[in-house]
Amino acid sequence: MAHRVSARLPDFPWDRLTSYAEQARAHADGIVDLSVGTPVDPTPEVAQAALRAAADSPGYPLTIGLAETRQAAVDWFARRHGVTGLDIDQVLPVVGSKELIASLPLHLGVGPGDLVVFPTLAYPTYEVGAALVGARTLATDALTALGPETPRLLWINSPSNPTGRVLPKEHLKKVVDWCRERGVLLVSDECYIECCWEADALSVLHPDVCGGSHEGILAVHSMSKRSNLAGYRCAFVAGDRAVVAELLAVRKNLGLQMPGPQQRVLAAVLADDEHSLEQHARYAARRATLRAALEGAGFTIDHSEASLYLWATRGLDGPDCWATVAELAELGILVAPGAFYGAAGSRHVRVAFTATDERVAAAAARLATMS
């Protein structure tokens with residue numbers, strides 16, 4: 001094989017956890033897997049009913065998506081997040097947010113020599129998308145670190161994966177203004193916006209942030225966490241009308257289409273808040289249990305005011321993240337090392353609270369033996 005695309009990409013980080021997962025599985029009471037934030041609770045009935053009703057779907061779906069699906073996204077933005085002035089031609093359904101994030105630089109013509117910027121501690125897929133097209137990258141939380149250089153694409157992520165940090169309105173507005181002054185496309189990953197615990201997260205599309213104009217900005221949203229739909233791959237991107245139109249033009253040629261039944265499901269779950277509030281309450285209880293157990297075992301929880309994770313450390317002078325991963329694996333608990341998300345995470349671990357109540361209780365009991 002003359003040219004291997006995979007050679008451009010970073011090593012898949014989760015492969016490095018394999019031996020620790022094996023060790024955790026050897027625990028007498030089984031593994032408590034808190035490494036990946038994958039939903040374990042049932043897909044809500046509103047989604048299952050919509051899927052059953054749409055099961056007869058013989059024709060090709062359209063890349064642009066059903067009008068009712070895009071309208072449901074517009075209505076959800078307005079009802080739940082105070083976003084005004086959004087029209088359905090500014091919304092595009094996508095097959096999972098990770099696919100959109102990874103392919104966005106390619107689909108928007110970012111290439112070698114261009115700069116893609118993402119947070120210091122970040123979801124690894126921002127870097128993957130840049131590496132795929134040969135773009136340069138910079139991990140920074142400070143716009144001043146860019147000096148006179150103008151990036152092609154700037155990612156922000158609030159609430160953050162992995163830290164759970166929520167960016168305040170003033171910071172978001174500052175980033176929007178900075179990008180507009182320089183003609184930089186700003187893309188906000190907001191997939192955890194309905195997983196807030198100690199702070200309220202604003203969308204970059206909120207009028208107090210964007211000034212009532214969506215020019216130069218996109219927001220990425222997913223139903224995986226809010227609605228236990230990770231297996232359905234239901235997500236969407238919304239914002240700048242011209243950028244959405246360009247994405248649509250490219251994706252039509254590539255045949256990137258959300259399946260028709262999933263489009264019906266997406267519309268149904270966006271229109272229903274009750275199931276997401278019930279799930280929010282489940283996660284809140286699990287979060288409280290794990291936080292108390294981690295703190296009792298000597299951990300400090302940084303940020304973590306939102307998202308589905310606790311960003312835990314035993315201090316700057318404590319063990320590095322891999323030593324903590326190993327120690328917890330001995331207890332049958334698997335967590336993610338902070339180094340997966342950037343060098344600044346080398347003393348932290350990311351602890352998901354998406355496991356069942358029984359497994360969360362088991363983790364708390366095991367953590368109590370560390371204190």
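When reading the values below, keep in mind they use all heavy atoms of this one structure, side chains included, and skip hydrogens, waters and symmetry mates.
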Only distances under 3.5 Å count here; give the side-chain donor-acceptor pairs of residues 124-138 to other protein atoms, sequence neighbours excluded, each with its distance to 0.1 Å.
residue	atom	partner	partner atom	Å
Y126	OH	D189	OD2	2.6
R136	NE	G113	O	3.2
R136	NH1	E149	OE2	3.2
R136	NH2	G113	O	3.1
R136	NH2	E149	OE2	2.4

Show me, pair by pair, the donor-acceptor contacts under 3.5 angstrom made by side chains of residues 268-277, not counting sequence neighbours?
residue	atom	partner	partner atom	Å
D272	OD2	H275	N	3.2
D272	OD2	H275	ND1	2.7
D273	OD1	R79	NH2	2.9
D273	OD1	R226	NH2	3.4
D273	OD2	R79	NE	2.8
H275	ND1	D272	O	3.1
H275	NE2	S227	OG	2.7
S276	OG	D273	O	2.8

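A centroid separation of 6.0 Å or more is found between the aromatic rings of H348 and Y341. Taking the six-membered ring wherever Trp is involved, the centroid distance between the rings of W155 and Y123 does not fall below 6.0 Å.
More than 12 heavy atoms of other residues, nucleotides or ligands shown are found within 6.0 angstrom of CD on E278. Annotation: R291, atom CZ; neighbour count of heavy atoms from other residues, nucleotides and ligands within 6.0 Å is above 12. By the 6.0 Å contact criterion, CZ on R233 is enclosed, its count of non-hydrogen atoms from other residues, nucleotides or ligands being greater than 12.
A salt bridge is absent between D208 and K173: the closest approach of a Lys/Arg side-chain nitrogen to an acidic carboxylate oxygen does not fall below 4.0 angstrom. Checked for salt-bridge contact, R241 and D87 meet the test: a charged N lies under 4.0 Å from a carboxylate O.
No donor-acceptor pair under 3.5 Å is formed between the side chain of S158 and the backbone N or O of S160. Of the possible donor and acceptor atoms, none in the side chain of E99 sits under 3.5 Å from a partner among the backbone N and O of V94. A donor-acceptor pair under 3.5 Å is absent between the side-chain atoms of H81 and the main chain of V83, judged by distance alone. Remark: the backbone N or O of C196 is not paired with any side-chain donor or acceptor of D200 at under 3.5 angstrom. Of the possible polar contacts, one joining the R70 side chain to the I88 backbone as a donor-acceptor pair under 3.5 Å is found. Side-chain atoms of K252 never come within 3.5 Å of backbone atoms of L247 as a donor-acceptor pair (strictly under, hydrogens ignored).
Under 3.5 Å, the side chains of H214 and Q90 contain a donor-acceptor pair of N or O atoms. Donor-acceptor pairing under 3.5 Å is lacking for the side chains of E22 and T18. For the 3.5 Å distance criterion, the side chains of T324 and R314 qualify, holding a donor opposite an acceptor. For T120 and D141, the side-chain atoms include at least one donor-acceptor pair closer than 3.5 Å. Between the side chains of N157 and R165, no donor-acceptor pair of N or O atoms lies under 3.5 Å.
Within the 4.5 Å cutoff, the side chain of L167 has no heavy atoms near those of the V175 side chain. In this structure, P39 and T354 have side chains that are not in contact, with every pair of non-hydrogen atoms separated by 4.5 Å or more. Counting only heavy atoms from C-beta outward, the side chains of V187 and L153 approach each other to under 4.5 Å. With a 4.5 Å cut-off on side-chain heavy atoms, R16 and W322 count as touching.
Of all non-hydrogen atoms in P44 and N228, the two that sit nearest each other are CD-CB, 4.2 Å. Between D240 and G216, the shortest heavy-atom contact is OD2-N, 2.6 Å. Nearest heavy atoms, K169 versus V209: CG-CG2, 4.2 Å. Of all heavy-atom pairs between T150 and R182, the closest is CG2-O, 3.5 Å. R80 and E194 get closest at one heavy-atom pair: NE-OE2, 3.0 Å. Residues L316 and R347 share a closest heavy-atom pair of O-NE, 3.7 Å.
Note: H303 NE2 to L121 CG = 8.0 Å, rounded to the nearest 0.5 Å. Between the OG1 atom in T289 and the CG atom in L367 there is a gap of 11.5 Å [rounded to 0.5 Å].
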Given the rule in the salt bridge (charged side-chain N to carboxylate O under 4.0 Å, His left out) test, do E246 and R251 qualify, once you have shown the distances and angles that lead to the verdict?
CA-CA 9 Å; E246 176 64 10; R251 294 169 68 88; over 6 Å; no

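Taking the six-membered ring where the residue is Trp, H221 and F77 present perpendicular rings, their angle passing 60° and hence far from 30°.
Cation-pi geometry between R286 and F353 is not met: the NZ or CZ atom fails to fall both under 6.0 Å from the ring centre and inside 45° of the normal.
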